Amino acid sequence: MITLHWKGRTASVSTPGSEAGKEMDKRFDPRAYEAAWQRRWAEAGYFVAAAPSEKPSFCLMIPPPNVTGKLHIGHALMTALQDLLTRWQRMRGKNALFLPGTDHAGIATQLMVERQLAKEGTSRRELGRERFLERVWAWKEQYQGNIREQLDLLGASCDWSRERFTLDEGLSRSVREAFVRLYEEGLIRRGEYLVNWSPVLETAVSDLEVEMKTVQGKLYHIAYPVEGSEQRIVVATTRPETMLGDTAVAFHPEDERYRHLTGRAAILPLVGRRIPFVADPAVEPEFGTGLVKVTPFHDPFDFELGRRHGLPGISVIDRRGRMTAEAGPDFAGLDRAEARAKVVERLRAEGYLVKVESHVHNVGHSQRGGEPIEPLVSTQWFLEVSGMAGRALSALHDGSLKLVPDTFDKTWEHWLSNIRPWCISRQLWWGHQIPAWYDEAGRCFVARSFEEAAKAAGTDRLTQDEDVLDTWFSSGLWPFSTLGWPEETADLATFYPTDVLVTAHDILFFWVARMVMMGLHLTDKVPFATVHLTGLVRDAAGEKMSKTKGNVLDPSELIAEYGADALRFTLTSLDSPGRDIPLNPEQIAGYRAFGNKIWNAARFCLSRVGEARVAGHLDLTGLAAPERWILSRLSRVAGEVGERLEGYRFDEACNLLYHFFWGDLCDWYIELSKPALTGEAPRPRVGEVLLTVLDRSLRLLHPVMPFLTEEVWQRLPGHEAIHPETICLAPYPEREPAWEDLGAEGVEAGMEALIQVVTRVRALRAELNLPPKAGIALTLLAADDGLAQFLADQEPLLAFLCRADAVATATPREGARRDLVAGVEIGVLASAASRSPEGLGGAERERLEKERERLDGEIARAEERLGNETFVSKAPAQVVEGNRRKLAELKERREHLVASLATLDA
RNA sequence: GGGAGGUUAGCUCAGCGGUUAGAGCACCUGCCUUACACGCAGGGGGUCGCGGGUUCAAAUCCCUCACCUCCCACCA
């Protein structure tokens, strides 16, 4: 029995339009049942996980989507894979938890709301912090709702009773706890450093949020007079406006050209400031003139160099990208671009500009808004991550963390080995306000709450730090904050550490690495055993999707058109390791056709199986070859699908299922079942086998196509024996070794030969240009006695599949078109009445001659190979033997071909 | 500058040491054979980026090169 505790009530299970035995609509229309099943499953509470639980647990967290808008196709991919894993594990009897939630997405969301305010003619500053935040919360409510709806459309089997939001009460507590602990350990500190500053957003951003872009710029060569001499030295810079903040000129200590300048100073043009020469090994003598102007407060290289030499810094650019008063009265207030033009103009006018070269270089741009980042000095909070990074590295090395595919291992190592302190403060309003308070003397108290801070300060006249934390700080805690950490909750004990993380590889550092570091540091555990990294979804041409290109595919629209199952199957089958995913709507249409195929196969079975019922355990006794064959195939496919899922090869699992269902089951077994079901050539328990194979196929497919499989499965007579209520909780099929019948004498070998024979006969029919309804006389002669007997037993089936009037075990008759396949000599003789008058013309002759040439080529190659002594002696006996057999068959086929050609001449 | 990945049928991709290299879509020829035209049967189409090497055997392993994609990176 399952416990149903969705909103505390027991679910009454009513069917949305499907009952066992009820006739299926002729039309396949996913819209008719998808939403209904999602509602039913939720009402029944199938996806609510238990804590604690006797069962082994399986847990997977949604990478929380930003509450900025709709889910995009990348989310659909991740959701499809996450849900596939969850449903699979749930069917394997695990206490499975797929925990949903959303991310407050500080900068992104704040920008959206600010944009909205701008349209209304107001701004966040006009509203003030409190009223602004009210607006953002209202926004969040709306968009969180959208996201829930979309996850439902996709069929995500989330436990909504455990939904979380990064800014909710519980997670905020986790964030404060983490911050305070890290602060108390001395890993978080506040200080004045050079940071990446966005003059548009007016906030600091982390290194990861800076994108380097190649820019065609200019290299300005500027002459700086040397103090106390007539000499002028020349420096090269791409940013002449920063010279106003220069405090030194540097050269390489070994550089003979400039060693004599040691201890001397230059006079800064336009400003007149005396700035010293310093020697530093970081300076590249080969670049420019080998002399570098040093602007410690506006360039990362200069900042480090300045620190090494104890140089002062001067801030000449402010937080909005304008020149400060310290830039001098001529420049103060100018925008940085204007200032550059004016500085260059003045330098030229005063004769300091030596030359201007065109120069290609990299400039940091804001990942968010695209504007150039300004390196500025400001007071920020930093997290020292080097220790945690070391542990994250070891986790990969000792196997407690696995990246799939492992091509990301090197990336992981490189990034974590070169990591620098993380700037975690943001000058925004939407986010977790930093739990630090200042008293009137400016002393800082970091605490879990205002009360705690007040106690420590001995006063409640405190002001909280205005800044908020980088969104990724709270995201970094997601795998355990969502489960109640730091409380020792039942959820945490049951589900943490989690099992798998599925996410796109573009947030490996932003998110995955931070979760691993934070998880290891704060919980002493790797937050998940495996990370499955997906590619990025692109359009059909492999282009990145973007609004400006207009090639964005909206999952909701795709679901409306093709159904969620088709979209899921498509995305899942495209998830090949380490590759981006080109999504073509035509392909989704192809997989919708697969849905149609399943629908109609089920329709056929249900209308023909009579009183048969699904068998939980099927006894093979008395079953004929086709039945034993399909069961053997089914068992092997179940085994292979399981292996592929274990190995995160979802694409291969999809392919196996697709080809088994369409190829083995529909093209062959269902066709083979027809003569038996109509009573033409009865066989025992065909209906039972049909239903059993269908049941297991649907269960195998359920994690990928949840809606269709449930809709169809509910109609199978006897499905209740597998699970009383739902396919979601029915066991996932595994191999049934007793069903497998392999080997040379096995039923799979026999049926494989039969299939090859039928296929060849059909091809011969086509070559003879026989009308589909024309009868033929078919003769078969197998060299192997066992096979001959097998085929003789299947004569009614062969006649049915080949549309033959007669099938005989005999040598081909005079005038018959002859061929050989799988050791079976085939003779096809058209019934006199159906012989097409134009049938055996030049086209037929041409085809046969082309085929003979091809065979000649192959025979020659096979003979050459077998004539090679080293091949015969060194290659495995099996391979040599295979080649011998092949050669014999090729030769025989050629003989038949020649005979057929002779018939044409007659 | 460092690193990763890619280059296979018209398109998008599997395959990654062994007989005639696969799939989906597209294409051609027949079929409304009563489960399915979202279908059935048959078919055409590839010197597996270039050049070397290892091997009895290479699309598959190694090396060079070319082109493409992405990630990382404080030569001003």
Side-chain angles (χ1 to χ4, degrees), chain A residues 24 26-28 194 212 219 235-239 242 250 282-284 286-288 291-295 299-305 359 361-362 364 375 405 407-411 413-415 418 505-506 508-509 535-536 540-542 562 566 570 573-574 576 578-584 586-587 589-608 651-652 655 658-659 666-667 670-671 674 759 762-767 769-773 803 847 854-855 857-858 861-862 865 868-876 878-880 882-883 885-887 890:
Chain A
M24 293 172 74
K26 197 168 174 193
R27 220 170 89 82
F28 164 63
L194 190 78
M212 294 310 246
L219 191 61
V235 298
T237 179
T238 53
R239 298 198 58 194
T242 62
V283 178
E284 204 51 68
E286 305 303 319
F287 188 87
L291 285 168
V292 193
K293 61 187 270 313
V294 183
T295 320
D299 183 277
F301 177 91
D302 296 3
F303 186 77
E304 292 301 322
L305 194 147
H359 179 64
H361 62 131
N362 292 325
T407 45
F408 288 101
D409 287 5
K410 280 200 172 179
T411 319
E413 280 171 22
H414 183 258
W415 191 74
N418 295 284
H505 67 70
D506 60 340
L508 184 63
F509 306 139
L536 274 23
Y562 303 103
T570 308
S573 68
L574 289 171
S576 299
R579 286 192 79 132
D580 282 347
I581 293 167
L583 184 65
N584 188 343
E586 279 178 14
Q587 205 161 358
Y591 288 119
R592 181 188 52 189
F594 181 49
N596 181 59
K597 192 76 185 172
I598 296 170
W599 182 263
N600 280 293
R603 221 154 57 80
F604 170 82
C605 296
L606 293 176
S607 68
R608 302 295 188 86
D651 55 336
E652 291 181 353
N655 273 328
Y658 181 93
H659 288 107
C666 293
D667 290 347
I670 286 184
E671 290 307 312
K674 284 177 180 174
T759 304
R762 284 171 176 168
L764 293 173
R765 287 184 62 107
E767 283 174 23
N769 220 355
L770 293 175
K773 284 176 182 139
R803 290 172 165 270
R847 237 193 322 254
R854 200 185 63 81
L855 286 176
E858 276 203 47
R861 256 176 293 154
R865 199 168 17 231
N868 184 343
E869 243 175 72
T870 36
F871 170 71
V872 179
S873 59
K874 285 197 168 182
Q878 211 182 336
V879 174
V880 177
N883 273 272
R885 268 204 310 272
K886 183 74 204 165
L887 178 61
L890 285 168

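Everything quoted here is computed from the prediction, not taken from an experiment. Just the heavy atoms: all of them, side chains too, but no hydrogens, waters or symmetry mates, feed the values below.
When the C1' atom is compared between rA59(B) and rG44(B), the two are found 22 Å apart, to the nearest whole Å. For the C1' atom pair drawn from rG22(B) and rG15(B), the interatomic distance equals 7 Å after rounding to whole Å. The P atoms of rU8(B) and rU60(B) are separated by 13 Å, rounded to the nearest whole Å. rU55(B) and rC62(B) are spaced 16 Å apart, taking the P atom of each and rounding to whole Å. Nucleotides rG17(B) and rU33(B) place their C1' atoms 45 Å apart, quoted to the nearest Å. Between the P atoms of rG3(B) and rA23(B), the separation comes to 39 Å (whole Å). With both ends at atom P, the span from rC67(B) to rG30(B) equals 48 Å, rounded to whole Å. Nucleotides rG51(B) and rU64(B) have their C1' atoms positioned 8 Å apart, rounded to a whole Å.
Residue R27(A) has no polar side-chain atom (N or O) positioned under 4.0 Å from OP1 or OP2 of rC36(B). For the pair R608(A) and rA35(B), the criterion of a side-chain N or O lying under 4.0 Å from OP1 or OP2 is met. Using a 4.0 Å cut-off, no side-chain N or O of K674(A) falls inside it from OP1 or OP2 of rU33(B). Distances shorter than 4.0 Å separate some side-chain N or O of K410(A) from OP1 or OP2 on rA4(B). Applying the 4.0 Å criterion to OP1 and OP2 of rC36(B), one finds that K26(A) has a side-chain N or O inside that range. Between R765(A) and the phosphate of rC31(B), there is no side-chain N or O to OP1/OP2 separation shorter than 4.0 Å.
Taking atom CD1 of I598(A) as the reference point, atom C1' of rC36(B) lies 12 Å away to the nearest angstrom. The interatomic distance linking L890(A) (CG) with rU20(B) (C1') rounds to 8 Å, in whole Å. In this structure, K597(A) places its NZ atom 10 Å from P of rC36(B), rounding to the nearest Å. If you measure from atom CZ of F408(A) to atom P of rG5(B), you get 10 Å, rounded to the nearest angstrom. Distance I670(A) CD1 to rA41(B) P: 12 Å, rounded to the nearest Å. The CZ-C1' distance, from R861(A) to rA57(B), rounds to 14 Å in whole Å. Taking atom CD on E652(A) and atom P on rG24(B), their separation rounds to 16 Å, with Å as the unit. Distance CG (L583(A)) to P (rC25(B)): 15 Å, rounded to an integer number of Å.
Listed candidates were rC72(B), rC71(B), rA76(B). Nearest to the side chain of T411(A) is rC71(B). Counting only heavy atoms from C-beta on, N600(A) has its side chain closest to rC36(B) among rC75(B), rC36(B), rC13(B). Of the candidate nucleotides rC38(B), rU33(B), rU20(B), rU33(B) has the atom nearest to the side chain of R803(A). Closest to the side chain of V292(A), from the set rU12(B), rU7(B), rA76(B), is rA76(B). Closest to the K874(A) side chain, of the nucleotides rA35(B), rU55(B), rA73(B), is rU55(B). Distance from the side chain of F871(A) is smallest for rC56(B) among the nucleotides rC56(B), rA76(B), rU20(B). Picking from rA23(B), rC38(B), rA35(B) the nucleotide with the shortest atom distance to the side chain of R592(A) gives rC38(B). When distances run from any side-chain atom of P582(A) to the nucleotides rG24(B), rU12(B), rG42(B), the shortest one goes to rU12(B). Listed candidates were rC75(B), rC71(B), rC38(B). Nearest to the side chain of N596(A) is rC38(B). Across rC56(B), rG24(B), rA35(B), the shortest atom-to-atom separation from the side chain of A875(A) is found for rC56(B).
A donor-acceptor contact under 3.5 angstrom links the side-chain atoms of K886(A) to the base of rU20(B). With hydrogens and angles ignored, no donor-acceptor pair closer than 3.5 Å exists between the side chain of Q587(A) and the base of rA26(B).
A donor-acceptor pair shorter than 3.5 Å cannot be found between the side chains of D651(A) and N655(A). Residues N868(A) and R865(A) have side chains that never bring a donor and an acceptor to within less than 3.5 angstrom of each other.
A side chain to side chain contact (heavy atoms under 4.5 Å, CB included) with V292(A) is found for exactly one of V235(A), T237(A), V283(A), namely V283(A).
Between T237(A) and A593(A), the residue whose closest nucleotide on RNA chain B is further toward the 5' end is A593(A). Nearest-nucleotide positions on RNA chain B for T407(A) and E586(A) put T407(A) closer to the 5' end.
Remark: K597(A) is not positioned above the aromatic ring of Y658(A), lacking an NZ or CZ atom under 6.0 angstrom from the ring centre and at most 45 degrees off the axis.
Residue G882(A) is classed as a base contact, given a heavy-atom separation below 4.0 Å to a base. Residue-level contact check: E671(A) touches the bases, meaning some heavy atom is under 4.0 Å from a base atom. C605(A) comes within contact range of no nucleotide atom at all, as no heavy-atom separation falls under 4.0 Å. At the heavy-atom level, V235(A) lies nowhere under 4.0 Å from the strands shown.
Closest of all the heavy-atom pairs between H505(A) and L536(A) is NE2-CD1, 4.1 Å. The shortest heavy-atom contact between D580(A) and P582(A) is O-CD, 3.5 Å.
Note on E858(A) versus R861(A): no salt bridge recorded, every NZ/NE/NH1/NH2 to OD/OE distance being 4.0 Å or above.
Under the 3.5 Å distance criterion, the side-chain polar atoms of N596(A) are left unmatched by any main-chain donor or acceptor of R592(A).
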remark   = Per-residue pairing states of RNA chain B in dot-bracket (Watson-Crick or G-U under 3.5 Å; . unpaired, | other strand) read (((((((..((((....[...)))).(((((.......))))).....(.(((..]....))).))))))))....

